[in-house]
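Below, each value reflects all heavy atoms present in this structure, side chains not excepted, and no hydrogens, waters or symmetry copies. Along the sequence shown, residues are numbered consecutively beginning with 1.
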Amino acid sequence: MAAAARLVSRLTLVTGGGGGIGRAVCQRFASEGASVVVADADQQSATETLGSLQTGGRGQGHMVAVVDVSSRDSVKKLVTSIQAHFFQPPLVCVNAAGITQDDFLLNMEEEKFDRVVQVNLKGSFLVTQAVAQALVACGASKGSIITVGSIVGKAGNIGQVNYAASKAGVEGLTKTAAKELSRFGIRCNCVLPGFISTPMTDRVPEKVIQKMKSLVPLGRIGEPAEVADVCAFLASDDSRYITGASVEVSGGLFIG
């Protein structure tokens with residue numbers, strides 16, 4: 001539940017907005033008054049998210065955009081279309097687009113490794129760069145770019161060598177972007193979810209889910225809305241003195 005209307009009049013781009021954490025972020029931001037661009041590779045899923053968003057706030061309007069975050073041309077077209085529609089670049093960006101293609105290290109195909117890195121890491125880079133360039137070009141006084149990483153990027157995970165590598169890279173990208181973009185008033189932060197109930201986990205066998213729960217000090221799988229709560233905080237002025245941070249939303253998983 002939104003505690004306040006902290007994001008009124010803030011245009012927000014959410015990649016991966018068609019489902020899971022991305023959809024929850026879109027819903028939370030809209031409930032706080034933001035205008036949301038739901039961007040996803042799957043237009044149908046993005047349209048379904050759009051239909052679930054709260055409207056009616058001051059100057060509030062939403063739109064769907066199809067994007068392949070691993071393509072520079074696609075990302076540039078996305079940002080251009082947002083500026084043409086809203087007459088401004090997004091002040092807030094949440095990089096939530098991500099995929100998994102799991103296998104053990106000894107069996108991992110190069111194509112699977114490359115594709116996960118292209119979407120999760122390169123995609124975060126391309127979107128962050130394009131949004132930051134647009135904000136600087138228009139002279140915006142502030143901005144917030146939030147990238148969804150993973151606790152797996154810190155701890156590793158069996159069968160996810162490509163995913164873990166991509167999410168570790170996302171943290172390094174975020175910290176570097178924070179250092180470079182702070183002089184323009186653009187804050188960059190990373191959210192690290194643990195085991196979250198999403199369409200990805202829906203495919204996991206029940207006995208594995210129970211094992212996962214046993215590893216979490218809080219004793220349960222997290223909800224996408226709980227990640228969205230943190231994203232909303234990082235997008236708002238409540239976090240105006242926070243940049244380059246990695247916030248774990250993991251129920252205490254891998255406390256070390």
Worksheet item: Are Arg72 and Phe125 close enough, and set up right, to give a side chain to side chain contact (heavy atoms under 4.5 Å, CB included), and what steps lead you there?
Response: CA-CA 10 Å; Arg72 178 181 294 275; Phe125 157 68; 4.0 Å; yes

Discussion item. With a 3.5 Å distance limit and no angle check, can you tell me whether Thr15 reaches the backbone of Ala96 through a side-chain donor-acceptor pair?
Written reply: yes

Worksheet item: From Ser150 OG over to Ile196 CD1, what is the distance, rounded to the nearest 0.5 angstrom?
Response: 9.0 Å

Worksheet entry | Whether Asn157 side chain and Val152 backbone form a donor-acceptor pair below 3.5 Å | no

Discussion item. Is there a path of hydrophobic side-chain contacts, each under 4.5 Å between heavy atoms, that joins Leu192 and Phe233?
Written reply: no

Discussion item. Can you see whether Thr128 engages Asn95 through a side-chain donor-acceptor pair at a distance of less than 3.5 angstrom?
Written reply: yes

Discussion item. Donor-acceptor check, side chain of Ser239 to backbone of Leu234, threshold 3.5 angstrom: yes or no?
Written reply: yes

Worksheet entry | Worked verdict on Glu171 versus Ser246 for side chain to side chain donor-acceptor pair (under 3.5 Å) | CA-CA 7 Å; Glu171 272 203 273; Ser246 295; 2.6 Å; yes

Worksheet entry | Reported CG-to-CG distance for the pair Asn162 and Leu121, which is rounded to 0.5 angstrom | 12.0 Å

Worksheet item: Linking I/L/V/M/F/W/Y whenever their side-chain heavy atoms sit closer than 4.5 Å, directly or via other members, would Leu215 and Leu218 fall into one cluster?
Response: yes

Practice prompt. Kindly determine whether Glu32 and Val8 satisfy side chain to side chain contact (heavy atoms under 4.5 Å, CB included), including the steps that lead there.
Written response: CA-CA 6 Å; Glu32 290 215 28; Val8 171; over 6 Å; no

Worksheet entry | Beyond-backbone contact of Gln27 with Leu53, side-chain heavy atoms, under 4.5 angstrom | yes

Discussion item. Contact between Val92 and Phe29 at the side-chain level, heavy atoms closer than 4.5 Å - yes or no?
Written reply: yes

Discussion item. Distance alone, cut at 3.5 Å: any donor-acceptor contact between the side chains of Ser45 and Arg23?
Written reply: no

Discussion item. Please check this pair: side chain of His62 against backbone of Gln54, looking for a donor-acceptor N/O pair closer than 3.5 Å.
Written reply: yes

Item to complete: State, to 0.1 Å, how close Gly194 and Ile151 come at their nearest heavy-atom pair, and which atoms those are.
Response: CA-CG2, 3.6 Å

Worksheet entry | Charged N-O contact under 4.0 Å between Arg115 and Glu111 | no

Worksheet entry | Pairing of Arg187 and Asp237 as salt bridge, 4.0 angstrom limit | no

Worksheet, complete the sentence: Output for pair (Gln133 CD, Cys138 SG), nearest 0.5 Å, gives 12.5 Å

Practice prompt. Using a 4.5 Å cut-off on heavy atoms from C-beta on, say whether the side chain of Phe86 contacts that of Met63.
Written response: yes

Practice prompt. Identify whether Val208 and Phe195 are in the same connected component of the hydrophobic contact network (ILVMFWY, side-chain heavy atoms under 4.5 Å).
Written response: yes

Fill in: Short side-chain to backbone donor-acceptor contact, Arg10 and Ala235, under 3.5 Å
yes

Worksheet item: Can Ile82 be reached from Val66 by stepping across I, L, V, M, F, W or Y side chains whose heavy atoms are under 4.5 Å apart?
Response: no

Response to the item:
Of all heavy-atom pairs linking Leu91 and Lys142, the shortest is CD2-O, 3.5 Å

Practice prompt. May I ask you to check whether over 12 heavy atoms, not counting those of Gln44, lie within 6.0 Å of atom CD?
Written response: no

Practice prompt. Kindly compute the distance separating CD1 (Ile146) from OG (Ser124), expressed to the nearest 0.5 Å.
Written response: 12.5 Å

Worksheet item: What distance separates Ile145 CD1 from Gln129 CD, expressed to the nearest 0.5 Å?
Response: 10.5 Å

Practice prompt. For a side chain to side chain contact (heavy atoms under 4.5 Å, CB included) with Pro90, tell me which candidate from Val127, Leu78, Leu13 qualifies.
Written response: Leu13

Worksheet item: Are Tyr241 and Val247 connected in the hydrophobic side-chain network, where two residues link if heavy atoms are under 4.5 Å apart?
Response: no

Practice prompt. Find the distance between CD1 (Ile99) and OH (Tyr163) and round it off to the nearest 0.5 Å.
Written response: 10.5 Å

Worksheet item: Is there a donor-acceptor pair under 3.5 Å between the side chain of Asp40 and the backbone N or O of Ala46?
Response: no

Worksheet entry | Donor on one side chain, acceptor on other, Gln60 and Thr55, under 3.5 Å | no

Discussion item. With heavy-atom distances below 4.5 Å as the criterion, would you say the side chains of Thr49 and Val38 are in contact?
Written reply: yes

Item to complete: Please indicate whether Lys112 has more than 12 foreign heavy atoms, meaning atoms of other residues, nucleotides or ligands, lying under 6.0 Å from its NZ.
Response: yes

Fill in: Residues Ser71 and Asp68: side-chain donor-acceptor under 3.5 angstrom
no

Fill in: Closest heavy-atom pair and its distance - Pro217, Gly251
CD-O, 3.3 Å

Discussion item. Under the criterion side chain to side chain contact (heavy atoms under 4.5 Å, CB included), I'd like the reasoning laid out for Val170 against Cys190: C-alpha separation, chi angles, the key distance, then a yes or no.
Written reply: CA-CA 8 Å; Val170 158; Cys190 199; 3.8 Å; yes

Worksheet item: Are side-chain heavy atoms of Val69 and Val119 found at a separation under 4.5 Å?
Response: yes

Worksheet, complete the sentence: Closest non-hydrogen atoms of Ala134 and Gln83, given as atom of the first, atom of the second and distance, are CB-NE2, 3.9 Å

Fill in: Leu135 side chain near Phe184 side chain, heavy-atom distance below 4.5 Å
no

Item to complete: Could you tell me which non-hydrogen atom of Gly17 sits nearest to which non-hydrogen atom of Cys26, and how far apart they are?
Response: CA-SG, 4.0 Å

Fill in: Contact check, side chains of Lys154 and Glu248, non-hydrogen atoms, under 4.5 Å
yes

Fill in: Salt bridge flag under 4.0 Å for residues Arg220 and Glu226
yes

Discussion item. Looking at Ile242, is its backbone amide N or carbonyl O close enough to the side chain of Asn189 to form a donor-acceptor pair, meaning the two atoms are under 3.5 Å apart?
Written reply: yes

Worksheet item: Does CD in Gln88 sit with more than 12 non-hydrogen atoms of other residues, nucleotides or ligands closer than 6.0 Å?
Response: yes

Worksheet entry | Whether Thr243 side chain and Cys188 backbone form a donor-acceptor pair below 3.5 Å | yes

Fill in: Polar contact flag, side-chain donor to acceptor under 3.5 angstrom, Ser197-Glu223
no

Practice prompt. Ignoring hydrogens and angles, state whether a donor on the side chain of Asn120 or Ser166 is under 3.5 Å from an acceptor on the partner side chain.
Written response: yes

Practice prompt. Say whether, by atom type as modelled, one donor and one acceptor occur between the side chain of Lys213 and the main chain of Gly219 under 3.5 angstrom.
Written response: no

Fill in: Other residues, nucleotides, ligands: >12 heavy atoms within 6.0 Å of Glu110 CD
no

Fill in: Side-chain (Lys167) to main-chain (Val148) donor-acceptor, under 3.5 angstrom
yes

Worksheet, complete the sentence: Closest non-hydrogen contact found for Val25 with Cys231 is CG2-SG, 4.1 Å

Discussion item. Less than 4.5 Å apart, side chain to side chain, heavy atoms only: is that true for Val191 and Val249?
Written reply: yes

Discussion item. If you apply the rule side chain to side chain contact (heavy atoms under 4.5 Å, CB included), what do you find for Thr12 with Val37, and how did you get there?
Written reply: CA-CA 6 Å; Thr12 299; Val37 178; over 6 Å; no

